[in-house]
There are 2 protein chains.
Amino acid sequence: METRELRYFVAVAEELHFGRAAQRLGIAQPPLSRAIQQLERRLGVALLDRTSRTVALTEAGSVLLVEARAALDAVDAAERRTRRAALAATGRPGLVLVTKANASSELLAKLLDAYAAEPGAVPVDVILCGPAEQARLLREGRADVALLHRPFDSTAGFHTEELGTEGQVVVLPAGHPLTTRSHVHLADVTGLPGLPLPRWPAPDGSYPPGPGPQVRDHAQLLQLVALGRACAVSPESCRAQLHSDLAAVPVLDAPQVTTVIAWPAHSRSRAVADLVRTATRL
Amino acid sequence: METRELRYFVAVAEELHFGRAAQRLGIAQPPLSRAIQQLERRLGVALLDRTSRTVALTEAGSVLLVEARAALDAVDAAERRTRRAALAATGRPGLVLVTKANASSELLAKLLDAYAAEPGAVPVDVILCGPAEQARLLREGRADVALLHRPFDSTAGFHTEELGTEGQVVVLPAGHPLTTRSHVHLADVTGLPGLPLPRWPAPDGSYPPGPGPQVRDHAQLLQLVALGRACAVSPESCRAQLHSDLAAVPVLDAPQVTTVIAWPAHSRSRAVADLVRTATRL
DNA sequence: GCGGATCAATACCCGGCAGGTATCGCCGAC
DNA sequence: GTCGGCGATACCTGCCGGGTATTGATCCGC
């Protein structure tokens with residue numbers, strides 16, 4: 001299978017419409033029809049159920065859609081990492097580290113300091129992004145290493161080392177009745193009147209349905225909490241960033257959050273290895 | 001980048017010889033030279049240092065070699081999983097589970113029994129293979145789910161659930177002086193006179209240099225121990241398979257072994273999800 | 001129920017590119 | 001110096017990817 005065929009199939013599978021898919025690919029519709037037919041013939045598998053009016057994925061087709069996206073990601077990552085390696089060899093060999101904005105900032109500062117003190121350290125660019133974006137950047141070869149937080153972030157496809165574990169707290173507007181408690185349970189904070197938990201975007205950028213406000217990052221969320229429009233359950237290290245109008249109370253039965261440093265499974269970079277080693281020694 | 005180009009590049013990078021690579025690919029040498037030149041031009045990156053007598057990988061080239069292999073694996077896995085999905089839809093929807101021969105057999109039996117009792121269970125084929133082969137089979141789409149053992153097996157690229165943790169024992173010929181001890185430490189069993197630890201094959205099938213005998217699976221290893229040619233440090237669940245001519249003594253400071261159930265990150269199979277759920281409830 | 005609209009499939013043509021053969025140019029070995 | 005091995009170049013050919021025109025089938029409005 002050639003990547004061209006996979007790209008064509010993904011386009012059709014996503015559009016479920018040969019004409020639109022062809023337009024998106026910048027080719028005419030007949031060659032696209034033919035390419036998909038060839039792909040099906042070579043695989044010996046029906047990928048699409050098509051009537052002359054409608055197109056639907058077969059069971060095998062929906063498997064291929066997922067797998068083809070993964071394979072195309074791998075090809076793109078190969079290209080990008082090769083380009084990065086060439087740059088690193090000739091010019092400025094820098095690392096790109098990606099982490100969630102407002103998360104583990106203390107750990108991050110310690111890590112960057114400790115790594116910078118290592119012999120042979122290279123400059124590290126830090127990218128701050130919304131949750132669930134880190135994995136994509138790392139997978140696409142746009143970043144060399146990431147700080148992820150289990151169980152929120154999936155670490156599938158990466159090598160990881162655990163850096164630390166912490167409990168979670170509920171962040172509330174200062175003066176809320178619960179802030180007098182020394183601790184609470186999850187059941188105490190779900191469904192608080194007027195303080196719903198927020199909705200985070202799914203990996204595809206869409207928001208699940210529900211009552212809470214939509215948030216893209218932690219700063220937004222804290223602002224909404226301060227406004228009395230939401231409450232938040234967050235790792236306790238976020239306490240360092242709370243203003244006086246916010247209060248945090250430990251949630252005893254919330255899952256422990258593990259911060260891990262993650263890098264692509266095939267990284268051959270000396271700098272990444274050094275950074276990881278530094279991180280594990282913190 | 002097309003998979004054809006990647007395949008060509010991998011062949012040249014592995015052979016470091018255009019003529020032999022072309023032969024391996026079943027094409028003539030000139031088109032291969034041209035294809036690699038095009039690839040380099042499109043990437044804007046030198047991949048190979050070539051004189052008219054010798055070919056060597058550049059830094060970027062060795063990155064691409066690793067990444068290209070991973071990308072080609074992903075493409076092949078996409079093809080195989082699609083074919084499997086088509087078979088499952090039309091014919092006998094079976095699962096393929098792969099595990100190390102002689103490992104976790106009790107757990108495996110319990111898992112298969114429990115899963116078979118689930119409503120909607122499908123037949124499960126079990127593949128037993130040598131260590132480090134499981135990950136390959138799973139990655140290549142030849143198996144749906146695997147039992148892996150951390151820290152021996154890398155779980156990079158898979159979703160996993162932990163099933164249990166156990167200590168390790170040293171397996172010795174019956175009557176060996178150490179068998180009278182209630183426990184030992186790692187230092188006690190490395191470098192035992194005449195009883196070296198064995199050498200396991202690397203992922204590429206080659207053996208590291210060293211004194212111990214080469215083994216491919218656990219049964220071979222136990223046989224060598226019985227013959228007084230080696231000793232073995234293994235998870236304690238292997239005790240169930242020891243004959244009377246072998247003895248096991250706990251090793252206090254050997255790393256804990258965690259058995260995990262692993263499946264490809266993009267699995268959409270209902271049967272895999274059921275099996276995993278069953279496993280976590282054991 | 002009929003005509004038009006819509007959409008995938010088919011028919012057919014063209015140009016580019018993958019692949020082949022022949023050859024060159026370079027370099028190391030003897 | 002000559003020969004042999006190896007990658008690059010030159011040039012040709014046929015296939016295949018892509019284009020336009022058209023058909024055939026289904027849904028929809030009236």
Side-chain angles (χ1 to χ4, degrees), chain A residues 1-62 64-65 68 71-72 75 78-79, chain B residues 1-62 64-65 68 71-72 75 78-79:
Chain A
M1 288 197 298
E2 292 301 314
T3 61
R4 183 181 53 82
E5 302 175 290
L6 292 180
R7 272 189 285 269
Y8 285 10
F9 173 75
V10 169
V12 175
E14 286 178 353
E15 299 284 348
L16 292 178
H17 189 293
F18 279 75
R20 278 195 300 274
Q23 201 173 359
R24 194 172 114 184
L25 292 166
I27 65 172
Q29 169 258 318
L32 180 57
S33 285
R34 218 179 38 193
I36 301 292
Q37 288 173 40
Q38 274 184 21
L39 180 60
E40 287 180 311
R41 209 173 323 125
R42 269 219 293 277
L43 286 173
V45 168
L47 300 171
L48 298 167
D49 277 329
R50 33 202 189 284
T51 69
S52 66
R53 295 295 294 174
T54 179
V55 176
L57 284 170
T58 64
E59 194 60 35
S62 55
L64 182 58
L65 175 56
L72 291 174
V75 172
E79 182 165 341
Chain B
M1 288 199 296
E2 292 302 313
T3 61
R4 184 181 53 84
E5 301 176 290
L6 292 180
R7 272 189 287 268
Y8 286 8
F9 173 73
V10 168
V12 175
E14 285 179 354
E15 299 284 348
L16 292 178
H17 189 293
F18 279 76
R20 279 195 299 275
Q23 201 173 357
R24 193 172 113 184
L25 293 166
I27 64 171
Q29 169 258 320
L32 180 57
S33 286
R34 219 179 38 194
I36 301 292
Q37 287 173 39
Q38 276 186 19
L39 180 60
E40 286 180 310
R41 210 173 322 125
R42 269 219 295 277
L43 286 174
V45 167
L47 300 171
L48 298 167
D49 277 329
R50 34 201 187 285
T51 69
S52 67
R53 296 295 295 174
T54 178
V55 176
L57 283 170
T58 63
E59 195 59 35
S62 56
L64 183 58
L65 175 56
L72 291 174
V75 172
E79 184 166 338

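Hydrogens, waters and symmetry mates play no part in the numbers below; they use all other heavy atoms, side chains included. Note on naming: letters A, B, ... go to the chains in the order of the sequence lines (proteins, then strands), and numbering restarts at 1 for each one.
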Nearest to the [X] side chain among [options], which nucleotide is it?
X	options	answer
R4(B)	dG20(C), dG17(D), dA18(C)	dA18(C)
V55(A)	dG18(D), dA8(C), dC6(D)	dA8(C)
P30(B)	dA8(C), dG18(D), dT21(C)	dT21(C)
Q29(B)	dT21(C), dG19(D), dA8(D)	dA8(D)

Could you give the [atom1]-to-[atom2] distance, from [X] to [N], as a whole number of Å?
X	N	atom1	atom2	result
E2(A)	dC17(C)	CD	P	15 Å
Q38(B)	dT9(D)	CD	C1'	14 Å
I27(B)	dT21(C)	CD1	C1'	14 Å
H17(A)	dA5(C)	NE2	P	16 Å
I36(A)	dG17(D)	CD1	P	12 Å
L32(B)	dG20(C)	CG	C1'	13 Å
F18(A)	dA25(D)	CZ	P	17 Å
L39(B)	dA18(C)	CG	P	12 Å

Looking at [X], does any N or O in its side chain come under 4.0 Å of the phosphate oxygens OP1/OP2 on [N]?
X	N	value
R34(A)	dA9(C)	no
S33(A)	dA9(C)	yes
R50(A)	dA25(D)	no

Roughly how far, to the nearest 0.5 Å, is the OG1 atom of T58(A) from the CD atom of E40(A)?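 The OG1 atom of T58(A) is 7.5 Å from CD of E40(A), to the nearest 0.5 Å.
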
Taken to the nearest 0.5 Å, the spacing of T54(A) OG1 from L16(A) CG works out to 7.5 Å

If only side-chain N and O atoms count, and only distance matters, is there a donor-acceptor pair under 3.5 Å linking S33(A) with Q29(A)?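 Q29(A) vs S33(A): donor-acceptor pair found between side chains.
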
5' precedence on DNA chain D between G26(A) and G19(B) (nearest-nucleotide basis): G19(B)

Once hydrogens and angles are ignored, does a donor-acceptor distance under 3.5 Å link the base of dA8(D) to the side chain of Q37(B)? no

Does R7(B) pair with E2(A) as a salt bridge, N-O distance under 4.0 Å? yes

Is a salt bridge present between E5(B) and R34(B), judged by a nitrogen-to-oxygen distance below 4.0 Å?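 No, this pair does not count.
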
